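Keep in mind that what you see is a predicted model, and the values were worked out from it rather than measured. Per chain, numbering begins at 1; letters A, B, ... match sequence-line order. Atom set for the values below is all heavy atoms of this structure, side chains included, hydrogens, waters and symmetry mates excluded.
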Number of protein chains: 2
Amino acid sequence: MAKLQKSIDKRNALLKATIELVNNSGFHATPMSKIAKMANVSPATIYLYFENKQDLVNQTYLEVKTKYTDFVFKAYDENTSVKTGFEIIWKRIAEFNSNECEYAFFLNQCNNTPMIDEPSRKEGIKYLQPLLHLWQRGKEEGVIKPVSDYILYAYSINPLSFLIMAQKRGEFQFTKAHIDEAFLAAWDSIKL
Amino acid sequence: MAKLQKSIDKRNALLKATIELVNNSGFHATPMSKIAKMANVSPATIYLYFENKQDLVNQTYLEVKTKYTDFVFKAYDENTSVKTGFEIIWKRIAEFNSNECEYAFFLNQCNNTPMIDEPSRKEGIKYLQPLLHLWQRGKEEGVIKPVSDYILYAYSINPLSFLIMAQKRGEFQFTKAHIDEAFLAAWDSIKL
DNA sequence: AAAAAAAGAATGAACATTCATTTTTATATA
DNA sequence: TATATAAAAATGAATGTTCATTCTTTTTTT
């Protein structure tokens, strides 16, 4: 166990360092040597755990995406009204964005740049399923606008990313009141 | 004039090449040598027109941002109802995003990465003024929700960027009908 | 023919990755 | 239990490449 645990610790330290450095400088501006230093490891050691830099970032992305999905959909159960279900999911996303903003910021970076390769990106998209089902049901019940899921996502979920980025830049400060205002805007934009 | 024109042409060729290459690979993954090649110029020549790579990108950003602003607010006049004014501005933004998607995509890249330095970013933010005034008036008239401009922007303007990026990736195809649906979502999210 | 603009080649730094050794861990033997 | 040794893990120092920028020479303009 000692040995296995040690490996896991080292891998986690590498993922953590990757997130922090990529968040602050972007993929191409974070050298492997810095990642190694922050994780207290030799540069060569990274290559015992990951194939190369791209692989390190892809794996980091998938790991963080999984944390996100687990957190967001854990509290969700299908037997609610569409509005309530949406509110539960939306609030969990907002909570993740506030509480785990390092992770949230990293995911945004990945979504907005060519940092992640296509297969990993595709893999990361599957997570949406429960939300898409909920929207489908909402459309059938005449509660949600009958428009493309991309539009629903763009208006009700993606704005949180924008606000998080603004907060990270220090331009905007999220408060409890803002969350409620934002939720209302999200719901208004997609409800019929 | 011949000489001056030649210089302007060369500078424009460099800006154009920068936009195209940065759009497809990002800032750090586009070497000066490629920019030079695409603009039919020697790498050394770039340094006659720009201080360094950062300066080249900053200037490109400001130039594109200006094109955007000019286009978006040209058709706007203050003597309309808040709703009509908003619709005019919003539709112009949508039109710019469709018709000049190379420019729109470049601006998104700049907004989502640490590619642009802080002074240039600050300079680029001023453009919003007419929209912010309109929202202010809308709040006073009780037509627009009394919430932070960041929230209004996040819900009514920023989603277009998300949709453009999805389109660029080939995941989503913008049609005339989508534009109308998107406008409705935008307006619903901010109206009282 | 002087000045300005442009070019290609050279420079030096940064970086991803690999290599040759050293250190640590696990195992087997006494 | 203590020791020897083989295997695994980790390391710091190369390696070779890519790139921004500068230097020197050539071409173009005045």
Side-chain angles (χ1 to χ4, degrees), chain A residues 1-61 109-110 113-117 120, chain B residues 1-61 106 109-110 113-117 119-120:
Chain A
M1 182 211 179
K3 180 200 138 193
L4 187 59
Q5 188 54 49
K6 197 171 166 194
S7 286
I8 290 175
D9 288 349
K10 214 162 272 194
R11 199 186 115 101
N12 285 340
L14 284 167
L15 296 180
K16 185 158 185 256
T18 302
I19 292 167
E20 180 165 345
L21 291 170
V22 168
N23 275 357
N24 291 314
S25 318
F27 175 67
H28 286 288
T30 44
M32 294 296 260
S33 55
K34 266 197 197 161
I35 295 174
K37 191 166 290 174
M38 180 170 279
N40 282 313
V41 138
S42 154
T45 303
I46 300 180
Y47 292 85
L48 300 175
Y49 290 82
F50 304 94
E51 245 177 73
N52 50 38
K53 192 178 177 184
Q54 183 66 60
D55 181 49
L56 166 61
V57 172
N58 285 340
Q59 289 200 35
T60 306
Y61 170 73
Q109 290 253 305
C110 294
T113 66
M115 193 169 107
I116 296 300
D117 61 20
S120 302
Chain B
M1 182 210 179
K3 180 199 139 196
L4 187 59
Q5 187 54 50
K6 195 172 169 195
S7 287
I8 289 175
D9 288 348
K10 214 163 272 191
R11 199 186 115 101
N12 285 339
L14 284 167
L15 296 179
K16 185 160 185 254
T18 302
I19 292 167
E20 180 164 345
L21 290 169
V22 167
N23 275 356
N24 291 315
S25 320
F27 175 66
H28 287 287
T30 46
M32 294 295 260
S33 55
K34 265 196 198 162
I35 296 174
K37 191 166 290 175
M38 181 171 278
N40 283 312
V41 139
S42 155
T45 302
I46 299 180
Y47 292 85
L48 300 175
Y49 290 83
F50 304 94
E51 246 176 72
N52 51 37
K53 192 178 177 184
Q54 184 66 61
D55 181 48
L56 166 60
V57 172
N58 286 339
Q59 290 200 37
T60 306
Y61 171 73
F106 182 76
Q109 291 254 302
C110 293
T113 66
M115 195 167 104
I116 295 301
D117 62 19
S120 302

**Message:** Set out, in order, the CA-CA distance, both residues' side-chain angles and the distance that settles side-chain contact (heavy atoms from CB on, under 4.5 Å) for B:Met32 and B:Phe50, then state yes or no.
**Reply:** CA-CA 12 Å; B:Met32 294 295 260; B:Phe50 304 94; over 6 Å; no
Can you check nucleotides 16-18 of chain C for protein contacts, nitrogen or oxygen pairs under 3.5 Å, and list what you find?
{"unit_1": "C:dA16", "atom_1": "OP1", "unit_2": "A:Lys53", "atom_2": "NZ", "d": "2.8"}
{"unit_1": "C:dA16", "atom_1": "OP2", "unit_2": "A:Met32", "atom_2": "N", "d": "2.7"}
{"unit_1": "C:dT17", "atom_1": "OP2", "unit_2": "A:Tyr47", "atom_2": "OH", "d": "2.7"}
{"unit_1": "C:dT17", "atom_1": "OP2", "unit_2": "A:Lys53", "atom_2": "N", "d": "3.0"}
{"unit_1": "C:dT17", "atom_1": "O5'", "unit_2": "A:Tyr47", "atom_2": "OH", "d": "3.3"}

**Message:** Tell me which pairs pass side chain to side chain donor-acceptor pair (under 3.5 Å) where either residue lies in residues 15-31 of chain B, with sequence neighbours left out.
**Reply:** B:Asn23-B:Glu102
**Message:** Quick one, B:Phe27 and B:Thr113 - any side-chain contact, counting heavy atoms below 4.5 Å?
**Reply:** no
**Request:** For C:dA5, take OP1 and OP2 only and decide whether either is under 4.0 Å from a side-chain N or O of B:Tyr49.
**Result:** no
**Message:** With a 4.0 Å limit, can you tell me whether A:Lys10 has a side-chain N or O closer than that to the phosphate oxygens OP1/OP2 of D:dA10?
**Reply:** yes
**Item:** Side-chain donor or acceptor of B:Ser120 paired with backbone N/O of B:Ile116 under 3.5 Å
**Value:** no
**Item:** Working for side-chain contact (heavy atoms from CB on, under 4.5 Å), residues A:Val22 and A:Met115
**Value:** CA-CA 10 Å; A:Val22 168; A:Met115 193 169 107; 3.7 Å; yes
**Prompt:** Over how many whole Å does the gap from A:Lys34 atom NZ to C:dA14 atom C1' extend?
**Reply:** 11 Å
**Prompt:** Where do A:Asp117 and A:Gln54 come nearest, in terms of heavy atoms and distance?
**Reply:** N-NE2, 3.7 Å
**Asked** Whole-Å distance between C:dA6 P and B:Asp9 CG?
**Response** 11 Å
**Prompt:** Taking five pairs at each end, how big is the angle between the two axes of the helix from C:dA1-D:dT30 to C:dA30-D:dT1, to 10°?
**Reply:** 0°
**Request:** Rounded off to whole Å, could you give me the CG-to-P distance for the B:Asn40 and C:dA6 pair?
**Result:** 13 Å
**Message:** In whole Å, I'd like the distance from the NZ atom of B:Lys37 to the C1' atom of D:dT18.
**Reply:** 13 Å
**Message:** Is there a side-chain contact (heavy atoms from CB on, under 4.5 Å) between B:Leu14 and B:Met38? Walk through the geometry before answering.
**Reply:** CA-CA 8 Å; B:Leu14 284 167; B:Met38 181 171 278; over 6 Å; no
**Request:** Mind calculating the distance between CG (A:Leu14) and C1' (D:dA9) to the nearest angstrom?
**Result:** 14 Å
**Message:** Please evaluate residues A:Tyr49 and A:Ser7 with respect to the criterion side-chain contact (heavy atoms from CB on, under 4.5 Å), reporting the C-alpha separation (whole Å), side-chain torsions for both, the decisive distance (0.1 Å), and the verdict.
**Reply:** CA-CA 9 Å; A:Tyr49 290 82; A:Ser7 286; 3.7 Å; yes
**Message:** Between A:Ser42 and D:dA10, is there a contact of a side-chain N or O with OP1 or OP2 at under 4.0 Å?
**Reply:** no
**Request:** Nearest whole angstrom, please: distance from the P of D:dC19 to the CD1 of B:Ile35.
**Result:** 11 Å
**Asked** Taking the six-membered ring of B:Tyr47 as reference, does the NZ or CZ atom of B:Lys53 fall below 6.0 Å from its centre and within a 45° cone about the axis?
**Response** no
